[in-house]
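To start, the structure under review is shown below, and the notes come after it.
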Amino acid sequence: QTDWIGQTLLDTTHTGEVISVFPNAIMIKSDKNRDIFYSDRAECDGDIADYIIGAKVHFHPEISKRKHANAKKVSRL
């Protein structure tokens, strides 16, 4: 039996760099496509104060009606 399911799943996660920090949100520039993503405090793992400009992060992109797409499940690398 061939494990073809494991071979066909796409990895949609991104890594990126924090480019702006606000009291309740951060902005991230993706390493994959250089797009900008928005993430609110609830989507950041841990205290948002730990996310400083230049910090490398891992996240799941999500389409948004806003100017920038959303970054979900954000964690520091």
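Please read all numbers here as calculations on a predicted model, not as lab measurements. Only heavy atoms go into these numbers, but all of them, side chains included; no hydrogens, no water, no symmetry mates.
Minimum interatomic distance between I28 and A71 (heavy atoms only, all atoms of both residues): CD1-CB, 3.9 Å. Scanning all heavy atoms of the two residues, the minimum distance from G16 to F59 falls at N-CE2, 4.1 Å.
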- Message: I'd like to know whether V57 forms a side chain to side chain contact (heavy atoms under 4.5 Å, CB included) with L77, so could you lay out the CA-CA distance, the side-chain angles of the two residues, the decisive distance to 0.1 Å, and finally the verdict.
- Response: CA-CA 5 Å; V57 295; L77 293 177; 5.6 Å; no
- Task: Determine, stepwise, if the pair N33 / H14 fulfils side chain to side chain contact (heavy atoms under 4.5 Å, CB included).
- Result: CA-CA 9 Å; N33 59 12; H14 287 232; 3.7 Å; yes
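By the 6.0 Å contact criterion, CD1 on I63 is open, its count of non-hydrogen atoms from other residues, nucleotides or ligands being 12 or less.
Side-chain contact between R76 and K56: absent, with no pair of heavy atoms (C-beta onward) separated by less than 4.5 Å. A 4.5 Å side-chain heavy-atom check between C44 and I26 finds at least one atom pair inside the cut-off. Here the side chains of F37 and N70 are not in contact, with every heavy-atom distance at 4.5 Å or above. Counting only heavy atoms from C-beta outward, the side chains of T13 and H58 approach each other to under 4.5 Å. Two residues are said to be in side-chain contact when any heavy atoms from C-beta on lie closer than 4.5 Å; I36 and I19 meet this criterion.
Residues meeting the salt bridge (charged side-chain N to carboxylate O under 4.0 Å, His left out) test with E62, sequence neighbours left out: K72.
Side-chain contact check for T15 and D31: at least one donor-acceptor pair (N or O, by modelled atom type) lies under 3.5 Å.
Listed by first then second residue, pairs satisfying side-chain hydrogen bond (donor to acceptor under 3.5 Å, both in side chains) with a partner in residues 38-51 read N24-R41, not counting sequence neighbours.
Note that CD of E17 is 7.5 Å distant from CZ of R34, once rounded to the nearest 0.5 Å.
At a threshold of 4.5 Å between side-chain heavy atoms, the hydrophobic network of Ile, Leu, Val, Met, Phe, Trp and Tyr places F22 and V74 in two separate groups.
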